[in-house]
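See below for the structure under consideration.
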Amino acid sequence: MTDIKKPARVRFAPSPTGHMHLGSARTALYDYLLARQTGGQFILRIEDTDRKRYVPGAEQELMDGLRWLGLEWDEGPDKGGPYGPYRQSERKEIYLKYANQLIESGHAYYCFCTPEELAKVREEQQKRKEPPHYPGTCRNLDPAEAARRVAAGEPHVIRFKTPKEGQTTVKDLLRGEITVDNRTLDDYIIVKSDGWALYHLAAMVDDFLMKITHVIRGSEWLPTLPLHALIIRALGWEEPEWVHLSVFLKPSGKGKMSKREATDLVKSGHSIFVKDLQELGYTPEGVVNWVALMGWSYDDHTEFFTMEELIEKFSLEHLNPSPAAINFTKLDHFNGLHIRALPLDELASRLKVYFEKAGLAADDATLRKIAPIIQERMVTLDESVELAGFFFRDTVEVNPEELVAKGLTPEESLLAARRSLEVLSSLTEITPETAEPPMRALVEELGMKPGQVFGILRVAVTGQRVSPPLFESMEIIGREKVLERVQLAIGMLAEMVAS
RNA sequence: GCCCCCAUCGUCUAGCGGCCCAGGACGUGGCCCUCUCAAGGCCAAAACAGGGGUUCGAGUCCCCUUGGGGGCACCA
């Protein structure tokens, strides 16, 4: 273990093809933590060489998601940096330059096979139960002849000339050395017929030129890791440290989540998309804490982490290589924890948007008063609306039946309400301090249970069976409205008794 | 089919040869607190996939089996 770590340059390199999901969020988080911890740089690079898959708006959503999570980058497409451009679609010529270098050094070659021909070959290979692979038709074409055909404008791609003999060994930080027989590797295409480089080339070139020290990416890249190492070596460069993160499995643990499953999930109040999580009332603190612990751990008992603590304590050594099932129940737990850890002013201001979305005009002063009494009652921020929406409504809707307390008759409930009104109206101000003692005395006098009498008032004043603490709520609602609502409830009860 | 990776409670995990008849957390069950709901406190049930080695000693190292996951595109 080295105590003094060299500044790491790490990159988060998503392709703008859809919504940012948890897997990306975790990769970006680890990138960020490593960069901040070592005093290095966190770089955002957009891998958009495939124009067909480009989704407008995806890049913006990516950046919004990262910022929401608190992962601000040092270099990126929107802010530049010394190694730009940071969008691969703006680096086409750079990749071509290195592809040509590979051709000149004999590590790559032009291939004129058409997709149709290759599809046919693949089909036959499948039939013979062989692994699909490039048959090598153009591998040994005379380079001069190939160059002539290219110059003549014949459609072509560029393939990497993978050695047929020997083995390649690469070191992954979590798994140690990984060795494969080169014959199991294919002559992968590195430049398409439209002139755009593929990931295998583009990412390697960029990582080198951008001086990336650690490549943290998903384990779906493990099978092509030897290829990447071969390309880097053929270019005469040093490999970065390789860190392949395990994949996330669906909650059942049975495989990756499909697109369909991911979409359906939202209906249950959960989602694997960062954008949804935000709308569902999750906090970035909660999401970060949760996601950090899926594949990484600090010790045998610490689980609550702020971003600052993660920066301090994160270590690549404690990464776990095995796949992890997503556990949303645990996200709920962490979110609750972080909501409770929020300063009240902060909580209050974050709540506002959820009330507004529900059409409620939530003023800052009231919000600030509500915050402390609902803080420990929420799993997600949006729950504040159903819990405390009544604070912002002029009237409450009361179900008369709910005014009858459990174990009491309507007559008894009516009596309790009337006597309560007497007590409450005798006060010049209703607060927990002024109202609770006389109300408890009343409960005793009536020979009822606190839950019964307070329950009647709760429904009368809030319209809900479940609410924040009664007297605290009354104080916020204010004496006038409280008396008015209790009066209304008495009317309802009286009507019930009469009929 | 071929290649690669992984394997501790239901789930996330601690464990890097003796400190482990395996610790924490979520969830679950029970109790306490209590004006509802929460929060909080206490307690409980719950795991080293199987088989061979190596070693004085294996959850920890090696091999095999089994299981799971990922990959095999002119996607990333």
Side-chain angles (χ1 to χ4, degrees), chain A residues 13-15 17 47-50 52-53 88 111 113-115 118-119 122 125-126 128-133 155-159 172 174-175 178-181 183-186 188-196 198-200 202-203 217-226 244 246-247 249 251-256 290 293-304 317-318 320-334 336 340 374-379 383 387 436 439-440 443 449-459 462 464-471:
Chain A
S15 57
T17 52
E47 311 224 322
D48 56 351
T49 52
D50 189 358
K52 287 193 291 292
R53 295 210 310 156
Q88 288 192 329
C111 169
C113 300
T114 67
L118 294 172
R122 246 195 305 274
Q125 289 168 338
Q126 297 276 29
R128 276 177 277 142
K129 300 210 163 175
E130 278 175 34
H133 64 279
H156 64 278
V157 300
I158 299 176
R159 286 181 185 272
D172 173 77
L174 313 195
R175 288 159 250 261
I178 295 168
T179 300
V180 296
D181 290 327
R183 60 177 169 76
T184 65
L185 266 22
D186 211 354
Y188 296 88
I189 293 175
I190 53 177
V191 176
K192 294 188 277 184
S193 56
D194 62 9
W196 283 98
L198 250 25
Y199 178 90
H200 302 308
R217 44 150 46 169
S219 67
E220 64 269 23
W221 292 111
L222 232 28
T224 41
L225 172 58
H244 291 86
S246 63
V247 292
L249 273 24
S252 64
K254 303 282 176 213
K256 279 207 297 193
W290 175 59
L293 256 20
M294 299 189 72
W296 174 81
S297 61
Y298 178 61
D299 59 19
D300 65 349
H301 64 276
T302 316
E303 297 228 303
F304 183 91
E317 289 76 19
H318 281 90
N320 188 151
S322 51
I326 297 172
N327 184 348
F328 287 109
T329 325
K330 202 146 188 173
L331 168 60
D332 288 342
H333 169 251
F334 278 118
R340 276 168 252 142
I374 63 171
Q375 184 170 38
E376 62 191 30
R377 276 162 247 269
M378 286 184 287
V379 164
E383 287 175 358
L387 197 62
E436 191 163 352
M439 279 305 301
R440 285 198 182 272
V443 167
K449 290 177 187 161
Q452 295 175 318
V453 179
F454 294 173
I456 294 167
L457 293 178
R458 179 187 318 284
V459 173
T462 69
Q464 302 171 182
R465 278 198 145 131
V466 172
S467 84
L470 220 212
F471 300 106

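Just so you know, these numbers come straight off a predicted model, no measurement behind them. Letters A, B, ... are given to chains in the order of the sequence lines, protein chains preceding strands, and every chain is numbered from 1.
- Mapping A/Tyr298 and A/Thr179 onto RNA chain B by nearest heavy atom places A/Thr179 at the nucleotide closer to the 5' end.
- Rounded to a whole angstrom, the distance from the P atom of B/A49 to that of B/C6 is 15 Å.
- To the nearest angstrom, P of B/C4 lies 18 Å from CG of A/Leu174.
- When the P atom of B/U13 is taken as reference, atom CH2 of A/Trp290 falls 12 Å away, rounded to whole Å.
- Spacing of P atoms, B/A14 relative to B/C33, comes out at 38 Å, to the nearest Å.
- Ion pairing between a basic and an acidic side chain is recognised when a charged N comes within 4.0 Å of a carboxylate O; A/Arg53 and A/Glu47 show no such pairing.
- Every ring-ring contact (aromatic ring centres under 6.0 Å, His included) that A/His156 has, sequence neighbours left out, goes to A/Tyr110.
- If you check every strand for non-hydrogen atoms under 4.0 Å, A/Gly218 touches nothing.
- To the nearest whole angstrom, the two P atoms, one in B/G24 and one in B/A44, are 10 Å apart.
- Side chain of A/Ser297 to backbone of A/Asp299: no donor-acceptor contact under 3.5 angstrom is found.
- Pair assignment for B/C61 gives B/G53, based on Watson-Crick or G-U wobble hydrogen-bonding distances that are each under 3.5 Å.
- Distances were taken from every side-chain heavy atom of A/Ala324 (C-beta onward) to each of B/C12, B/C5, B/C3; the shortest belongs to B/C12.
- Between the OG1 atom in A/Thr49 and the CG atom in A/Asp194 there is a gap of 9.0 Å [rounded to 0.5 Å].
- Going from the P atom of B/C12 to that of B/C32 covers 34 Å, rounded to whole Å.
- Of the candidate nucleotides B/A76, B/A7, B/A14, B/A76 has the atom nearest to the side chain of A/His200.
- Between the side chain of A/Thr224 and the main chain of A/Trp221, a donor-acceptor pair closer than 3.5 Å is present.
- Residues passing the salt bridge (charged side-chain N to carboxylate O under 4.0 Å, His left out) test with A/Arg340, sequence neighbours excluded: none.
- Rounded to whole Å, the separation between the P atoms of B/A47 and B/G71 comes to 33 Å.
- As rounded to whole Å, 14 Å separates atom P of B/C75 from atom CG of A/Asp48.
- For A/Arg458, the side-chain hydrogen bond (donor to acceptor under 3.5 Å, both in side chains) criterion is met by A/Ser467, not counting sequence neighbours.
- Following rounding to the nearest Å, A/Gln126 (CD) and B/C72 (P) show an atom-to-atom distance of 12 Å.
- Taking atom P in both B/C63 and B/A76, the straight-line distance is 36 Å, to the nearest Å.
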Encode nucleotides 35-47 of chain B as B, S and - characters from 5' to 3', where the letter depends on protein heavy atoms closer than 4.0 Å: B to the base, S only to sugar-phosphate, - to neither. BBBBSS-------
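- If you check every strand for non-hydrogen atoms under 4.0 Å, A/Ser15 touches sugar and phosphate atoms only.
- As judged by a 4.0 angstrom heavy-atom cut-off over every strand, A/Lys449 is placed among residues making no nucleic acid contact.
- With sequence neighbours left out, the salt bridge (charged side-chain N to carboxylate O under 4.0 Å, His left out) criterion links A/Asp172 to A/Arg175.
- Side-chain contact check for A/Asp181 and A/Thr184: no donor-acceptor pair (N or O, by modelled atom type) lies under 3.5 Å.
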Can you check each nucleotide of nucleotides 24-33 of chain B against protein heavy atoms at under 4.0 Å and return B for base, S for sugar-phosphate only, - for none, in 5' to 3' order? BBSS------
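- Remark: the separation of the C1' atoms in B/G51 and B/G59 is 16 Å, to the nearest Å.
- Within the shown strands, B/C72 is the pairing partner of B/G1 under the Watson-Crick or G-U definition, both distances less than 3.5 Å.
- B/G10 is paired with B/C26 under the criterion used here, namely a Watson-Crick or G-U wobble arrangement in which both key atom distances are under 3.5 Å.
- For B/G15, the OP1/OP2 oxygens have a side-chain nitrogen or oxygen of A/His318 closer than 4.0 Å.
- Residues passing the ring-ring contact (aromatic ring centres under 6.0 Å, His included) test with A/Phe471, sequence neighbours excluded: A/Phe454.
- A/Leu198 comes within 4.0 angstrom of the backbone, heavy atoms only, and of no base.
- One atom, CG of A/Leu293, and another, P of B/C12, lie 12 Å apart when rounded to the nearest Å.
- Nearer the 5' end of RNA chain B, as judged by each residue's closest nucleotide, is the contact made by A/Val180, out of A/Val180 and A/Pro14.
- Interatomic distance, CH2 of A/Trp290 versus CG of A/Asn327, reported as 8.0 Å (0.5 Å rounding).
- The CZ-C1' distance, from A/Arg183 to B/C4, rounds to 14 Å in whole Å.
- In this view, A/Asp300 satisfies the side-chain hydrogen bond (donor to acceptor under 3.5 Å, both in side chains) rule with no residue, not counting sequence neighbours.
- A/Cys113 comes within 4.0 angstrom of a base, heavy atoms only.
- Not one side-chain nitrogen or oxygen of A/Lys192 sits closer than 4.0 Å to the OP1 or OP2 atom of B/A73.
- One can find a donor-acceptor pair under 3.5 Å joining the base of B/C74 and the side-chain atoms of A/Ser193.
- Across every strand in view, B/A39 sits unpaired, with no contact that passes the Watson-Crick or G-U test at under 3.5 angstrom.
- Residue A/Leu185 contributes atom CG, which lies 13 Å from atom P of B/C3 at whole-angstrom precision.
- Taking A/Trp296 as the reference, A/Phe305, A/Phe314 meet the ring-ring contact (aromatic ring centres under 6.0 Å, His included) condition, with sequence neighbours excluded.
- Considering only side-chain atoms of A/Pro132, the nucleotide from B/U11, B/A73, B/A76 that sits closest is B/A73.
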A correct 5'-to-3' footprint of nucleotides 63-71 of chain B, with B, S and - meaning base, sugar-phosphate only and no protein heavy atom under 4.0 Å, is ------SBS
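- Not a single salt bridge (charged side-chain N to carboxylate O under 4.0 Å, His left out) links A/Arg122 to another residue, sequence neighbours left out.
- Within 4.0 Å of A/Arg175, counting heavy atoms only, lie sugar-phosphate atoms of the nucleic acid but no base atom.
- In this structure, CG of A/Asn320 is placed 13 Å from C1' of B/C5, rounded to the nearest angstrom.
- Across all strands shown, B/U34 remains unpaired; no Watson-Crick or G-U wobble contact has both distances below 3.5 Å.
- Taking atom C1' in both B/U8 and B/C48, one finds a spacing of 4 Å when rounded to whole Å.
- Every residue two or more places apart in sequence or in another chain was checked for a ring-ring contact (aromatic ring centres under 6.0 Å, His included) with A/Phe334, and none qualifies.
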